[in-house]
Colleague: 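Starting off with a structure, shown below.
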Amino acid sequence: MIDLKTLREDPERVRESQRRRGEDASVVDRLLAADERRRAAESEYGALRNEQKELGKRIGPLQGALKKVADADRPAVQAELDGLMSGATALAERVRSAESGRDAADAEAASLLAGLSNLIDLDAPVGGEDDFAVVEEVGVRRDFAAEGIEVRDHVELGELLGAIDIERGAKVSGSRFYYLTGVGALLELALVNHAIALAGGNGFTPMIPPALVKPAAMEGTGFLGQAAENVYRLEADDMYLVGTAEVPLAAYHSDEILDASSLPRRYVGYSPCYRREAGSHGKDTRGIFRVHWFDKVEMFSYCAPEDAAAEHGRLLGWERQFMDSLELPYRVIDVASGDLGASAARKYDIEAWVPSQERYREVTSTSNCTEFQARRLRIRMRDGDGVRPVATLNGTLVAITRTIVALLENHQQADGSVRVPAALRPYLGGRETLDPLR
RNA sequence: GGAGGCGUCGCCUAGUCCGGUCGAUGGCGCCCGCCUGCUAAGCGGGUUGGGGUCUCAAAGCCCCUCGCGGGUUCAAAUCCCGCCGCCUCCGCCA
C-alpha cells in the first residue's frame with residue numbers, strides 16, 4: 001500500500017501513477033474522501049472515549065466511599081452515584097455507536113487503499129506490454145544455418161537426452177506438467193547449486209522457504225489483486241501455493257522492526273512455484289516454457305528506501321552475472337508502466353534468446369517494490385529518524401524450466417548433444433556435454 | 001487426533017483467583033546526563049507501536065495497543081466464548 005500522507009499531500013502524483021498503469025485514477029478521490037471520514041470518526045470516538053474514562057474515574061472512588069460513609073449520609077452519596085451511573089449508561093451507548101462508525105470508516109478506507117497499486121517510478125517507460133525499452137543486448141546469437149545445424153527445440157532435445165518427460169507429466173498431472181529425468185534432473189540441481197553459490201558469494205543467506213502460505217502473506221505481497229486468478233488456493237485449509245519464493249521471503253520479516261544497521265538484508269530462496277496460468281490458454285503450449293509448476297532460485301532484499309534504486313541495480317547485475325556464466329545471449333528490458341504488476345514501481349526483465357522461436361523470451365525478472373509490500377506486511381526499520389517502512393526488492397536468479405529451455409537450445413550441437421557451459425561443469429561431475437541416449 | 005500448561009511495551013518478569021488505585025511492576029540490555037586519570041562501578045533521567053489533534057516544524061493534548069477476534073459491564077491485562085501460536089505427555093506418521 002502507499003502512504004496516506006503522500007496521497008493527501010500530492011494526490012496528483014498518485015493519479016498520474018494510476019493513469020500510467022492504465023488503472024482507475026478515480027480511486028484517489030474516493031480514498032481521499034474516505035480518509036477524511038476516517039479521521040473525523042477517529043476524533044469523535046477519541047473524544048467520547050475520553051469523556052467515558054473521566055466519568056469512570058469518578059465512579060470507582062464513589063463506590064468505595066459508599067461503603068464507608070455514615071448511614072445518615074448514605075442517601076446523598078447514593079443519589080450522586082446514581083446520577084453518574086445513568087450518565088455513564090447513556091454515554092456508553094454513544095461510545096458504542098461512535099466506535100462502529102469509526103470501524104466502518106476505517107474498513108472503507110482500508111479496502112480502497114488495498115486496491116491501489118504501488119506508486120510508479122516516473123522513469124519507467126510509459127505504455128503497455130509492448131512498450132518496454134531495451135536496455136542492452138548481450139552475448140552473441142549463434143548462426144545455426146552457417147553452422148549447418150537444423151535447430152531442434154527443447155522438447156526434441158529433452159527427449160533425445162532423456163532429460164524431460166512431458167507425456168508422462170501430462171498423464172500424471174495434466175497439461176503444463178512434466179518430469180525432469182536423468183540429466184534433466186541433474187541439470188536442475190546443478191543450476192540451483194551454481195545459483196546459490198553465486199548468491200552466497202554476494203552476501204545472500206540461503207533459504208528454503210515454505211511454499212504454502214496463509215492469506216496474509218499472499219495479500220501482503222500483492223498477489224491477491226489483479227494476479228489473484230493465477231494463484232492456487234487450497235479451499236479446505238484457506239492456504240495458498242506460492243507462485244514465487246518472493247512471497248515467503250517477504251513475509252519472513254512481517255510485523256518486525258529491523259535495525260537499520262542490519263540492512264540491506266539479502267536472502268536467496270529455492271522453492272517450487274505454482275501458477276494457474278489462467279488466461280493463457282493456447283499460449284506456449286509446447287514444452288516446458290509455460291508450466292503450472294517449476295522450481296526457482298529467487299533473490300530478495302530488504303533495504304532502506306533511499307537505497308532501493310541502487311539495490312535494484314545490484315540485483316539486475318547479479319542476474320546478468322548468472323546469465324553470463326551460462327553463456328547465453330540475452331537482452332535486458334525496462335518493463336513498461338502498464339505491465340508492472342501491482343507491487344512494482346520499476347521492473348527489469350532479462351529475456352534469453354530462444355533459437356527455435358527466433359525471439360527473446362523472459363527468463364528472469366527483478367522488481368523494486370519500494371515500501372509497498374513493507375507497508376502491507378508491517379516491515380519497518382529503526383534508525384536515527386525513528387521507525388519507517390523498509391523497501392523490498394526481488395529478482396530471479398534462475399527459473400529452472402525456462403533456463404533449461406534456453407540452455408538446451410542455445411548450446412545444442414549438430415548431433416543433438418548439448419554443450420555444458422564451463423561454470424556449470426563442476427556441478428555436473430565435470431561433464432562437458434549432455435549426450436543423446438540413442 | 002487426545003490431555004494439560006503457557007502467551008504482558010527488545011529479553012526476562014509482577015499483576016489475572018477478588019474488574020476501577022494497572023493511563024502495566026521490577027530486573028537486564030540500550031540511550032542521555034552526572035561523577036570519575038581511562039575503563040568499570042555508582043547516581044539521575046529516558047526507553048512499545050499505531051492513529052488523531054495542533055503546528056512552518058516541534059512540544060503538548062487525546063484515543064488505541066497486555067497473542068488475535070468477539071461478548072458481559074458505567075468500566076476489562078483481569079470475567080465469559082471462539083480462534084491462533086508455543087511447550088509437555090499420549091496416539092499416529094515421512
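Here is how names work: the chains are called A, B, and so on, in the same order as the sequence lines, proteins then strands, and each is numbered from 1.
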Colleague: Can you tell me how far C1' of U53(B) sits from CD of E42(A), to the nearest Å?
Modeller: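 From E42(A) CD to U53(B) C1': 10 Å.
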Colleague: Looking only at the aromatic ring of each residue, does the gap between the centers of H253(A) and F300(A) stay below 6.0 angstrom?
Modeller: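 No.
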Colleague: According to the Watson-Crick and G-U wobble definitions, with both distances under 3.5 Å, which nucleotide is paired to C54(B)?
Modeller: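 Pair assignment: C54(B) / none.
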Colleague: Partner lookup for G33(B), please. Criteria are Watson-Crick or G-U wobble with both distances under 3.5 angstrom; report none if nothing qualifies.
Modeller: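 WC or wobble partner is C43(B).
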Colleague: Go through the steps for K296(A) and E298(A) under the test salt bridge (Lys or Arg N to Asp or Glu O under 4.0 Å), then give the verdict.
Modeller: CA-CA 6 Å; K296(A) 181 156 66 77; E298(A) 178 85 0; 2.7 Å; yes
Colleague: Counting Watson-Crick and G-U wobble pairs only, both distances under 3.5 Å, name the nucleotide matched with A77(B), or none.
Modeller: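 Result: none.
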Colleague: At less than 4.0 Å, is any side-chain N or O atom of R380(A) found next to OP1 or OP2 of G50(B)? Yes or no.
Modeller: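 Affirmative; the distance criterion is met.
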Colleague: If only side-chain N and O atoms of R39(A) are considered, is one of them under 4.0 Å from the OP1 or OP2 phosphate oxygen of C63(B)?
Modeller: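 No, R39(A) has no side-chain N/O under 4.0 Å of OP1/OP2 on C63(B).
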Colleague: Expressed in angstrom and rounded to an integer, what is the separation of E99(A) atom CD from U73(B) atom P?
Modeller: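 Nearest whole value for this atom pair: 15 Å.
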Colleague: Round to a whole Å and report the spacing from CD of E44(A) to P of C62(B).
Modeller: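 From E44(A) CD to C62(B) P: 19 Å.
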Colleague: Taking the ring centre of each residue, are H194(A) and F322(A) less than 6.0 Å apart?
Modeller: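 So the answer is yes for these two rings.
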Colleague: Once you apply a heavy-atom cut-off of 4.0 Å, does R8(A) come out as touching a base, just sugar-phosphate, or nothing?
Modeller: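 Sugar-phosphate only.
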Colleague: May I ask which nucleotide in the shown strands pairs with A59(B), Watson-Crick or G-U wobble, both distances under 3.5 Å?
Modeller: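 A59(B) is paired with nothing.
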Colleague: Across all strands, who's sitting opposite C6(B) as a Watson-Crick or G-U wobble pair, both distances under 3.5 Å?
Modeller: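 Across all strands, the one nucleotide that pairs with C6(B) is G85(B).
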Colleague: Taking only side-chain nitrogens and oxygens of R378(A), does any of them come within less than 4.0 Å of OP1 or OP2 of G49(B)?
Modeller: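 False: R378(A) side-chain N/O out of range (4.0 Å or more) of G49(B) OP1/OP2.
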Colleague: Is it the case that K347(A) and T366(A) place a side-chain donor and acceptor less than 3.5 Å from each other?
Modeller: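 Looking only at side-chain atoms, T366(A) and K347(A) do not form any donor-acceptor pair under 3.5 Å.
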Colleague: Regarding R94(A), tell me which of base, sugar-phosphate or nothing describes its non-hydrogen contacts under 4.0 Å with the strands shown.
Modeller: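 No contact.
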Colleague: Compute the centroid of each ring, for Y252(A) and then for Y267(A), and state whether the two points are separated by less than 6.0 Å.
Modeller: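 Ring-ring flag for Y252(A)/Y267(A): true, centres closer than 6.0 Å.
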Colleague: Nearest whole angstrom, please: distance from the P of G52(B) to the CZ of R102(A).
Modeller: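 Whole-Å distance recorded here is 12 Å.
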Colleague: Taking the side chain of K53(A) as heavy atoms from C-beta outward, which of G51(B), G49(B), C63(B) is closest to it?
Modeller: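 In terms of side-chain proximity for K53(A), the closest of G51(B), G49(B), C63(B) is C63(B).
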